[in-house]
Amino acid sequence: MAELKVIASQVRRDILRMVHGVNSGHPGGSLGCTEFFVALYFKIMKHDPSFNMDGLNEDVFFLSNGHISPVFYSTLARAGYFDIKELATFRKIDSRLQGHPTTHEHLPGIRIASGSLGQGMSVAIGAALAKKLNGDRNTVFSLHGDGELDEGQNWEAIMFAAHHKVDNLISTIDWNGQQIDGPTDKVMSLGNIKAKLEVFGWTTLEMNGNDMDNVVETLEKAKSLTGQGKPIGILMHTAMGYGVDFMQGTHEWHGIAPNDEQLGKALAQLPETMGDY
Ligand SMILES: Cc1ncc(C[n+]2csc(CCOP(=O)(O)OP(=O)(O)O)c2C)c(N)n1
Ligand SMILES: [Mg+2]
């Protein structure tokens, strides 16, 4: 567990340095979801960094809220999918690390283009059904923003997954209460997402997404609940911008980069644990 926390500190440094390097990108949601990504790729998932697109006989992950690509790219690089030096190309012309993940750049670890919100749940369900057809008993994981749930396609997918008993799917919602324009309650109230998923026929769990022990424990619990006829949803409470005091808990850092001074202040709060890229 101590090791996972050490990795998370480095991933947060990568996120901040990447968005600062091009003065664009999305640090807020990335920082908030760091524990989740590190737990998934360094502890929970059975996966192979030599990467094949089909993901047969391994767990696979789909990022639906593609704007938080910095945390995804850093985690993939730190887990061995590609050289950490490539993180320096984030959002640059001809980089494989586009602002929103794309498949045509052939970056190892990326299986769908995302960023046009609302589509990842449908893809994850398709992949989970394909695993069943292939006799592959591994799990499909996905991550979605809470604001992203404003997109109606999610609710069609959620209903479909319950009806078709897609019980090899673990979908996590980043319940940070924030979206691009402000708090989710002000933009469009989501009500009780947990209760909504349950009446749609899902099994639900709740966790503190910024507590590594709780994240690991809950993801393990979720895995133990697969294969029981219901899709599993995890309501993950996070603080947008977690780990940097002046970025935490506000939508202001949804999609802007720190300046030089802010970067210095932020990095001072996050020890360099694995070596900066
Ligand atoms: C279909 C679609 N509509 C609108 C947007 C613009 N957009 C990008 S991020 C975002 C906010 C999403 O909120 P949430 O999923 O909660 O992400 P967070 O701000 O918490 O990172 C919006 C509306 C988009 N990318 N795709
Ligand atoms: Mg949000």
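Given the structure is predicted, the values throughout are model-derived calculations rather than measurements.
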Is there a path of hydrophobic side-chain contacts, each under 4.5 Å between heavy atoms, that joins [X] and [Y]?
X: Ile232; Y: Leu63; value: yes
X: Leu205; Y: Val140; value: no
X: Ile125; Y: Phe200; value: yes
X: Leu40; Y: Ile112; value: no
X: Leu270; Y: Val38; value: yes

Under 3.5 Å, is there a donor-acceptor pair linking the side chains of [X] and [Y]?
X: Asn52; Y: Asp54; value: no
X: Thr226; Y: Asp167; value: no
X: Asn210; Y: Glu35; value: yes
X: Glu198; Y: Thr204; value: yes
X: His237; Y: Asn176; value: no
X: Thr273; Y: Ser9; value: no

Measuring only between side-chain heavy atoms, which start at C-beta, is [X] closer than 4.5 Å to [Y]?
X: Leu267; Y: Arg13; answer: yes
X: Tyr41; Y: Arg78; answer: no
X: Met240; Y: Thr250; answer: no
X: Gln10; Y: Asp276; answer: yes
X: Val123; Y: Met121; answer: no
X: Phe36; Y: Leu219; answer: yes
X: Met247; Y: Pro258; answer: yes
X: Leu31; Y: Leu16; answer: yes

So, taking the atom named [atom1] in [X] and the one named [atom2] in [Y], what distance separates them when rounded to the nearest 0.5 Å?
X: Lys230; Y: Thr203; atom1: NZ; atom2: OG1; answer: 4.5 Å
X: Met53; Y: Thr103; atom1: CE; atom2: OG1; answer: 5.5 Å
X: Arg91; Y: His100; atom1: CZ; atom2: NE2; answer: 6.0 Å
X: Met188; Y: Asp150; atom1: CE; atom2: CG; answer: 4.0 Å
X: Leu169; Y: Lys131; atom1: CG; atom2: NZ; answer: 12.0 Å
X: Met274; Y: Ile7; atom1: CE; atom2: CD1; answer: 5.0 Å

Aromatic plane relationship, Trp253 with Phe246 - under 30° parallel, 30 to 60° tilted, over 60° perpendicular: perpendicular
Is the side chain of [X] donor-acceptor paired with the backbone N or O of [Y] at a distance under 3.5 Å, no angle test?
X: Asp83; Y: Glu86; value: no
X: Trp155; Y: Leu149; value: yes
X: Lys223; Y: Ile170; value: no
X: Glu148; Y: Gly118; value: yes
X: Thr218; Y: Asn214; value: yes
X: Thr75; Y: Val71; value: yes
X: Gln248; Y: Tyr242; value: no

Member of Tyr81, Phe51, Phe37 meeting the ring pair (Phe, Tyr, Trp, His ring centres under 6.0 Å) criterion with Phe61: Phe37
Verdict with reasoning, Met207 to Glu217, per side chain to side chain contact (heavy atoms under 4.5 Å, CB included): CA-CA 9 Å; Met207 69 185 178; Glu217 179 193 358; over 6 Å; no
Please give me the minimum heavy-atom distance between [X] and [Y], naming the atom from each residue.
X: Asn138; Y: Asp59; answer: CB-OD1, 3.3 Å
X: Ile15; Y: Thr34; answer: CD1-OG1, 3.6 Å
X: Lys265; Y: Gln269; answer: O-NE2, 3.2 Å
X: Val166; Y: Ala128; answer: CG1-CB, 3.5 Å
X: Leu190; Y: Asp146; answer: CD1-O, 3.4 Å
X: Gln98; Y: Phe90; answer: O-CE1, 4.2 Å

Candidate pair Phe82 and Leu87, rule side chain to side chain contact (heavy atoms under 4.5 Å, CB included), full reasoning: CA-CA 9 Å; Phe82 55 89; Leu87 296 175; 4.1 Å; yes
Working for salt bridge (Lys or Arg N to Asp or Glu O under 4.0 Å), residues Arg137 and Glu58: CA-CA 8 Å; Arg137 297 176 63 82; Glu58 62 179 326; over 6 Å; no
Trace of the side chain to side chain contact (heavy atoms under 4.5 Å, CB included) decision for Ile234 with Glu206: CA-CA 5 Å; Ile234 303 180; Glu206 211 163 339; over 6 Å; no
Over-ring placement of Arg17 relative to Tyr277, 6.0 Å and 45° cut-offs: yes
Crowding at CD, Glu220 (>12 non-hydrogen neighbours, <6.0 Å): yes
Of Ser114, Ser122, Ser171, Ser64, the residue whose pairing with Ser142 passes side chain to side chain donor-acceptor pair (under 3.5 Å): Ser171
Worked verdict on His20 versus Asp260 for side chain to side chain donor-acceptor pair (under 3.5 Å): CA-CA 8 Å; His20 171 264; Asp260 293 349; 2.7 Å; yes
Carboxylate-amine/guanidinium proximity below 4.0 Å for Asp211 and Lys5: no
Criterion side chain to side chain contact (heavy atoms under 4.5 Å, CB included) on Lys92 and Val22, from CA distance to verdict: CA-CA 8 Å; Lys92 293 197 172 144; Val22 281; 3.9 Å; yes
